[in-house]
Novice: 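Take a look at the following structure, please.
In listed order, ligands and their atoms are each counted from 1. The chain is numbered in sequence order, starting from 1.
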Amino acid sequence: MWNLKNLGVLAAAGLLWMTFVPVVLGSPEAKPASAPSPDKAVAVHEETSVTAIEDLMREHGVLDRVLLIYEELLKRLEADEPFPAEALREATDIIRGFIQDYHEKLEEKYVFVKFRYAQAFEGLVETLRQQHGRGRLLVKDIISCEGLRSPDEKRKLAASMRAFIRMYRPHKAREDTVLFPTFRTLLYFSEYDMLGDIFEQEEARRFGGGGFEKIVSRVEHIEKMLGIYDLSSFTPIPATESQGKGEGV
Ligand SMILES: [Fe+2]
Ligand SMILES: [Fe+2]
């Protein structure tokens with residue numbers, strides 16, 4: 001299973017820790033994560049408050065909320081409505097600092113490399129990796145046009161934001177529904193447990209204590225600025241109900 005070539009790939013990626021876990025867990029009770037024993041599952045829960053995949057998926061929740069912010073800004077841009085440039089700057093800063101420089105780096109360093117080693121979903125992983133790169137270019141385009149100095153910049157900004165939203169919705173959905181569930185089955189429990197700790201330590205190192213909560217509160221601040229914070233405002237009134245009350249959807 002482990003040969004020198006594979007070890008070289010992992011060493012280059014700073015992932016030699018992955019080689020230790022199966023060796024250390026070479027005991028008969030060692031099992032891949034897809035076949036948990038109840039006591040082991042409890043132990044994992046107690047040792048790590050947020051598991052590695054929970055961590056990545058809640059970060060996708062932040063991404064989703066920023067995509068909603070982008071949608072609202074795009075709608076205002078295209079309708080020539082008041083456009084708070086501060087909201088765009090702050091949302092893009094979260095994309096760059098939290099999603100691209102942190103979340104996507106974790107995926108590339110710890111998730112994608114595991115698929116490459118397992119030779120699984122290679123086409124999908126390559127597409128996801130390319131999309132991370134395109135996302136960075138789109139963010140550069142968005143920043144270069146955020147001053148809205150001309151009608152051309154306005155058009156370019158709208159096109160870049162539209163492309164960003166269009167790419168990242170299926171990107172994160174594919175990771176949530178295909179990549180992450182499979183990733184879980186490629187790891188031993190100890191390996192998965194260790195990864196949760198690594199993610200939490202990296203988050204604390206980059207953003208300090210309560211780093212995730214701080215990012216969420218920044219997102220909430222932008223949502224409030226744009227009037228899209230109230231979740232109930234997204235609840236539609238079904239036609240069958242509105243007919244009785246004389247209201248529209
Ligand atoms: Fe990704
Ligand atoms: Fe992701």
Side-chain angles (χ1 to χ4, degrees), residues 9-10 12-15 18 33 48-71 90-143 160-187 191-207 211-216 218-219 222:
V9 169
L10 292 180
L15 287 171
M18 282 188 170
T48 311
S49 54
V50 180
T51 67
I53 291 178
E54 283 171 351
D55 220 358
L56 293 171
M57 289 181 81
R58 71 180 189 169
E59 287 158 15
H60 278 178
V62 168
L63 172 60
D64 233 344
R65 288 174 76 164
V66 178
L67 292 180
L68 187 66
I69 288 168
Y70 267 17
E71 264 179 353
E90 178 69 356
T92 305
D93 194 58
I94 292 171
I95 291 285
R96 228 170 26 161
F98 187 68
I99 298 299
Q100 297 185 323
D101 290 346
Y102 170 63
H103 171 85
E104 291 182 353
K105 293 294 177 197
L106 291 183
E107 289 177 341
E108 290 168 13
K109 186 173 179 183
Y110 297 102
V111 182
F112 293 178
V113 74
K114 191 76 182 175
F115 280 87
R116 187 170 54 154
Y117 182 73
Q119 297 183 324
F121 289 117
E122 289 173 292
L124 171 63
V125 170
E126 185 49 33
T127 301
L128 293 170
R129 188 191 303 281
Q130 280 177 8
Q131 291 184 339
H132 286 180
R134 294 290 160 80
R136 288 178 176 274
L137 293 178
L138 286 172
V139 162
K140 273 190 186 167
D141 289 344
I142 288 168
I143 291 170
S160 298
M161 291 175 77
R162 211 177 296 116
F164 190 91
I165 296 165
R166 179 166 171 77
M167 182 182 79
Y168 268 104
R169 283 254 159 82
H171 179 100
K172 68 168 274 301
R174 205 61 67 97
E175 288 178 343
D176 285 343
T177 57
V178 178
L179 202 76
F180 294 165
T182 307
F183 177 64
R184 185 76 179 82
T185 69
L186 297 176
L187 301 177
E191 203 175 6
Y192 186 63
D193 196 14
M194 188 192 306
L195 200 56
D197 290 342
I198 290 171
F199 284 10
E200 290 207 341
Q201 285 161 13
E202 181 60 16
E203 188 176 283
R205 189 183 71 76
R206 279 179 163 269
F207 306 107
F212 177 76
E213 289 74 17
K214 284 183 208 161
I215 297 292
V216 171
R218 285 177 66 191
V219 170
I222 308 169

Novice: Looking only at heavy atoms, which two atoms of Y192 and E54 are closest? And how far apart?
Specialist: OH-N, 4.5 Å

Novice: Using the salt bridge (Lys or Arg N to Asp or Glu O under 4.0 Å) rule, pick out the option among R58, K105, K214 that qualifies with E203.
Specialist: R58

Novice: Quick one: do E202 and R205 make a salt bridge, cutoff under 4.0 Å?
Specialist: yes

Novice: In chain order, what residues pass the side chain to side chain donor-acceptor pair (under 3.5 Å) check against R162, with sequence neighbours excluded?
Specialist: E78

Novice: Partners of F121 by ring pair (Phe, Tyr, Trp, His ring centres under 6.0 Å), sequence neighbours excluded?
Specialist: none

Novice: Which atom name would you report as the N, O or S atom of H60 nearest the Fe ion (ligand 2)?
Specialist: NE2

Novice: Applying ring pair (Phe, Tyr, Trp, His ring centres under 6.0 Å), name anything that partners F112, two or more places apart in sequence or on another chain.
Specialist: H132

Novice: What protein atoms of element N, O or S are positioned under 2.8 Å from the Fe ion (ligand 1)?
Specialist: E107 OE1, H132 NE2, H171 NE2, E175 OE2

